[in-house]
Amino acid sequence: MDSILNLAANTQEHRVVVGVAIAVPLRRVFHYLVPADYAIEPQAGMRVKVPFGKSTKIGIITECLSVAQWEETSKLAASTHAANIDNQASSHSAALLKQPGEQQSLLANPPAVAALKTLLSIIDSSPLLPDSLLQLYFWLEKYYHAPPGEIWQTLLPVALQKGQPAESPRESRWCITPQGEAALQQNRLAKNAVKQRLALDSLSQHADGIAHEQLQQHQLSLATMKSLAGKNWVIRRFQQVSDNNQNHHRGSVIHSHNQLDLNAQQAAAVSQINQSLNQFKSFLLFGITASGKTEVYLQVIEKVLASGKQALVLVPEIGLTPQTLSRFQLRFNAEILLLHSAMTDQQRLQNWLKARSGQASIIIGTRSAVFTPLKHPGIIILDEEHDLSFRQQQGFRYSARDVALVRASIENIPVVLGSASPSLETLMNVHKGKIEAIHLTQKAKATNELNYRIIDLKKQAIQQGLSIELIQLIKQHLNQQGQILLFLNRRGYAPVLLCHDCGWSGSCSRCDIHFTYHHQNHFLQCHHCGSSRKAPAQCPDCYSEQMVPVGHGTERLQESIRQLFPQAKTARIDRDTTRRKSAMQEFVTAVKSGEIDILIGTQMLAKGHHFPDVTLVALIDMDGALYSADFRAPEFAAQLITQVSGRAGRANKPGEVIIQTHLAEHPMLHQIIFEGYASFADAALAERIETELPPFSYSAMFQAESPHLNATQKFLDDVKEILLRYQNLNVELLGPAPAIYTKKAGKFRYQLYLQTTSRNQLHQLLALTLNDIEALKSASKVRWRVELDPMGDY
DNA sequence: AGCACGCCGACT
DNA sequence: GTCGGCGTGCTC
């Protein structure tokens with residue numbers, strides 16, 4: 001009590017102005033006064049309810065100031081707006097944090113104290129997030145130049161954004177009362193009360209009652225329960241889900257089962273990582289397929305758990321999480337939980353809380369799980385680090401890999417990136433000494449060598465998209481009872497449906513790209529915006545009935561294979577066939593049990609799944625990847641080849657990898673096949689140095705879209721004009737230019753690319769200009785964003 | 001992003 | 001006469 005009185009009396013020192021991040025796309029926080037003598041001392045990281053415009057919103061406190069401090073900053077901001085910004089943001093994601101800090105946000109127009117509104121309430125009695133995550137938030141704000149509200153929207157579970165209390169919910173169960181039991185025995189129910197009788201019956205069979213969430217599964221409705229409760233025949237009992245078992249494993253022995261023997265390289269990797277368990281250090285576990293990376297993770301994690309700490313494991317896709325989960329569960333008896341986007345808001349909140357309280361020992365999740373708070377952080381593991389799904393492509397765009405590196409440095413824990421085909425960014429950091437590479441070059445399990453063969457389509461007769469040579473090989477492997485994987489990164493039947501007589505071809509009016517023809521239900525679909533329509537039987541222009549599908553997608557490939565090998569059992573795995581939740585798992589089981597002879601699929605298939613009986617893998621069409629204008633195309637192609645090759649020959653059967661292309665002489669193909677990914681990557685890095693392309697230069701991209709073409713151009717022209725005011729900064733501007741896909745879902749898309757060799761100057765330029773850019777009149781007429789370290793395909 | 005204010009077309 | 005279209009402007 002005393003302390004509260006003291007603070008209230010000493011208002012000058014008392015921090016009564018809070019900066020609040022609110023979910024609006026504005027690059028600033030809003031400031032509010034704390035009511036006098038408010039019971040809760042405001043702290044950064046607490047949620048607050050505030051009046052905002054004519055409504056009220058929930059926001060998060062990012063800074064707390066005294067009135068004096070506030071007046072000082074507003075004076076400062078007014079006089080030195082847009083001047084004197086010190087060295088912003090750190091040099092590279094792997095670099096150590098610079099003073100992450102509580103620096104106050106720069107304001108263009110700070111209101112006077114008298115003009116500040118007063119907050120309505122402080123929701124949390126303590127900060128939602130540990131200090132390390134607050135620091136991470138400040139880093140994100142500076143590095144990505146994103147609006148604070150948007151960052152919080154990705155940092156916090158939706159349930160918390162909506163204001164739900166940050167505590168485990170009370171579990172409730174419906175139980176029958178003695179009166180209810182008696183009523184049931186004495187048959188005191190009305191004749192027509194069928195449902196009530198049913199309910200009492202079920203409840204009397206469940207001594208512990210039925211959980212509220214499970215009423216439906218027991219065919220019981222809430223209305224029935226309520227009317228029974230009115231008669232006192234049933235009661236809803238609440239109990240707090242126990243938090244007492246927090247850290248139940250701490251100090252106790254972690255049981256681990258099924259440990260595998262390590263080969264010398266794996267053992268060395270484990271001990272190398274184990275040596276840095278109590279400090280920040282980044283590792284690249286560069287291991288060829290089947291070299292046993294996962295076993296290394298498991299043994300390192302075991303050590304982490306044994307010291308009472310938690311492990312955060314990030315994987316690229318939800319499809320891979322059940323698989324990873326079961327492998328972990330077989331090994332540890334500690335609490336392991338999942339965190340991914342397919343879960344309900346309540347499930348996510350529960351798991352988030354369990355991670356924060358330390359109750360869960362291992363957290364496995366997709367990219368957004370990189371923000372999960374941990375009570376006792378021990379290690380971050382990010383598997384398949386090259387995978388593009390670690391980049392968030394909606395809303396606030398970040399790279400979970402880069403964030404993981406920064407987070408590990410803040411938490412002062414090790415981070416392990418794993419891959420058989422690491423990104424050039426990561427390899428550059430290895431060369432710079434920021435990341436320590438650990439190589440696993442031996443296979444952990446005995447497997448036969450792979451035979452690679454490039455089939456040059458130029459010199460081949462092609463039958464339904466397949467070369468005669470490949471058809472022969474498929475026949476051969478089928479005869480030898482080998483399974484076959486065919487990759488084609490194009491779903492649907494054919495990429496174009498064309499009128500043979502007049503040349504009409506269907507294209508999406510909203511996106512300006514061809515409709516893909518889907519044969520099964522005879523419809524045309526735009527693979528950009530998803531819109532679809534019935535495929536015309538007659539040409540809409542000339543009424544000819546000669547509508548021909550041109551090109552091959554997975555659907556057509558499956559049809560061809562069925563015609564060529566009618567006796568073989570085929571399965572197709574792509575977005576169209578795996579829409580159902582359990583579909584993917586069913587396919588995987590079918591393939592593993594040997595029910596499937598030939599598996600046809602898109603890139604979905606390249607990730608993670610182990611099919612031990614596969615002996616032949618073929619990439620049906622590498623042309624697209626090799627001809628692409630994107631300078632990163634060879635890197636992606638090399639990663640794809642490496643990943644796909646990993647699917648073949650993992651058991652005791654010889655494996656073959658076939659690549660079909662018209663560009664058979666492409667040097668990258670030969671390098672990757674005959675010298676391996678590492679050698680390819682060295683050459684590619686040398687080339688990027690020479691051409692000053694990323695990762696040897698740093699980039700940002702302004703992207704704008706609008707239904708009006710000239711609005712997007714006007715905005716980006718204005719942006720360029722503002723950027724050009726700082727020509728002392730060494731940042732090159734390219735554009736504005738149309739995006740690769742100029743039109744999507746009825747909106748025109750343009751972009752302005754910034755490139756520089758000085759990351760610092762790039763950050764300075766953005767920090768100096770974004771306020772003005774945001775205030776542009778033309779900005780309000782388009783949707784726009786700025787993306788750091790963009791990766792092509794916009 | 002919301003949300004209100006504002007100034008012009010077809011409806012009871 | 002007004003319901004409502006979405007352009008414009010603002011949010012501590």
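Order of the sequence lines fixes the chain letters, A, B, ..., with proteins taken first and strands second; residue numbering starts at 1 for each chain.
- Computed from coordinates, the A:Arg27 CZ to C:dC12 C1' distance equals 18 Å when rounded to whole Å.
- Residues A:Ser423 and A:Glu385 have side chains that bring a donor and an acceptor to within less than 3.5 angstrom of each other.
- Under the side chain to side chain contact (heavy atoms under 4.5 Å, CB included) rule, A:Val415 has a single partner from A:Leu314, A:Val406, A:Ile380, which is A:Ile380.
- Distance A:Leu116 CG to C:dC12 C1': 6 Å, rounded to the nearest Å.
- Distance, A:Ile22 CD1 to C:dC12 C1': 8 Å, rounded to whole Å.
- Going from atom NZ of A:Lys54 over to atom C1' of B:dA1 covers 17 Å, rounded to whole Å.
- Taking atom CH2 on A:Trp784 and atom P on B:dA1, their separation rounds to 11 Å, with Å as the unit.
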In sequence, state the C-alpha distance, the side-chain angles, and the governing distance for A:Asp789 and A:Arg759, and then conclude on salt bridge (Lys or Arg N to Asp or Glu O under 4.0 Å).
CA-CA 10 Å; A:Asp789 313 320; A:Arg759 190 180 276 284; 3.3 Å; yes

Could you go over nucleotides 5-11 of chain C and give all protein N or O partners under 3.5 Å, atom names and distances?
| unit_1 | atom_1 | unit_2 | atom_2 | d |
| --- | --- | --- | --- | --- |
| C:dG9 | OP1 | A:Lys777 | NZ | 3.3 |
| C:dT11 | O3' | A:Gly53 | N | 3.2 |

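- The backbone N or O of A:Pro148 sits nowhere less than 3.5 Å from a side-chain atom of A:Tyr137 that would complete a donor-acceptor pair.
- Judged purely by atom type and a 3.5 angstrom limit, A:Arg397 uses its side chain to pair as donor or acceptor with the backbone of A:Gln393.
- The interatomic distance linking A:Glu63 (CD) with C:dC12 (P) rounds to 16 Å, in whole Å.
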From CA spacing to verdict: side-chain hydrogen bond (donor to acceptor under 3.5 Å, both in side chains), A:Asn760, A:Ser758
CA-CA 5 Å; A:Asn760 241 332; A:Ser758 159; 5.8 Å; no

